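One structure below.
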Amino acid sequence: MNRRQVIAAAPAVLLGTTALAQPKDPFAPTTTIGGASKPLDLDGWDAANAVYKLPALPYDKGALEPHIDAQTMEIHLTKHHKGYVDGANKAVAELRNVREGGGDVNLVKHWSRELSFHLSGHINHCLFWQLMAPAGKGGGGIPTGELAKAIERDFGSLEKFQAHFKAAAQQVEGGGWAWLGVDRLSKRLLIAQQEKQQDMLPTAISPILGVDVWEHAYYLKYQNKRADYLSAFMNVINWKNVATLFEQAMR
Ligand code: MN3
């Protein structure tokens, strides 16, 4: 689905069914995506059924080893991410129910909070899967081109960016994320923290690189050593897809 189709389909979710999408094989590899101007397909929306859906990973669940293990990837996708997909669909459906007179209008606040948490969680993970690739096969290395220039301009050097990004991720309290994003107002790159799935990220920022620091993202392999996980994550960053998001955000 292209961006135009996504936008065209979006209102349908407000009117649509409450059925939840059941992906046939969440680990079936998708085709390689990204590139100079082609938008990333986050694969998180089922237009036919007007529901959010669990995407297929763009690589095998074990392909990020030894940096991120297959069991962590499987549980992360099929349990944690799946929970956000289901939660987002439920919140949309419940808010629709309230509009149509079938629910308690005093629960709009509750379901709005649920929508914020679960839909943010869904989008965050759709992005996260696309922002990684097997080490040496699209993952790792260093950014190039305009993105590399912008990192040097806004952080001083790649090394200073990495140190800042890892510190931001290390210092997230509890579950959350660190993001590199484009501030749409200034067109600068900024690093921000996000608590839970939705708190603290400045509204102006379009995220282009994020790392999940919820314990479910690393605890099986790294236990309490979040810093080791963050160092390993650097080996699987898909800089090509980061650059694609950067180009889109700079337009
Ligand atoms: Mn997660």
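Just so it is clear, the structure is predicted and the values come from calculations on it, not from any experiment. For ligands, and for the atoms within them, numbers begin at 1 and follow the listed sequence.
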Smallest separation among heavy atoms of Arg184 and Ala249, with atom names: NE-O, 3.1 Å
Least distance between heavy atoms, Lys187 atom then Arg153 atom: O-NH2, 3.4 Å
Taking backbone and side chain together, does His81 place any N/O/S atom at a distance below 2.8 Å from the Mn ion (ligand 1)? no
Kindly confirm whether the Mn ion (ligand 1) is within less than 2.8 Å of some N/O/S atom in His216? yes
Aromatic contact between His125 and Trp214, with the criterion being ring centroids under 6.0 Å apart: yes or no? no
How many degrees, to 10°, between His76 NE2 and His125 NE2 as seen from the Mn ion (ligand 1)? 90°
In this structure, CG of Asn238 is separated from OH of Tyr59 (nearest 0.5 Å) by 8.5 Å
If you consider just the N/O/S atoms, which atom of Asp212 is the closest one to the Mn ion (ligand 1)?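 Within Asp212, restricted to N, O or S, the Mn ion (ligand 1) is closest to atom OD2.
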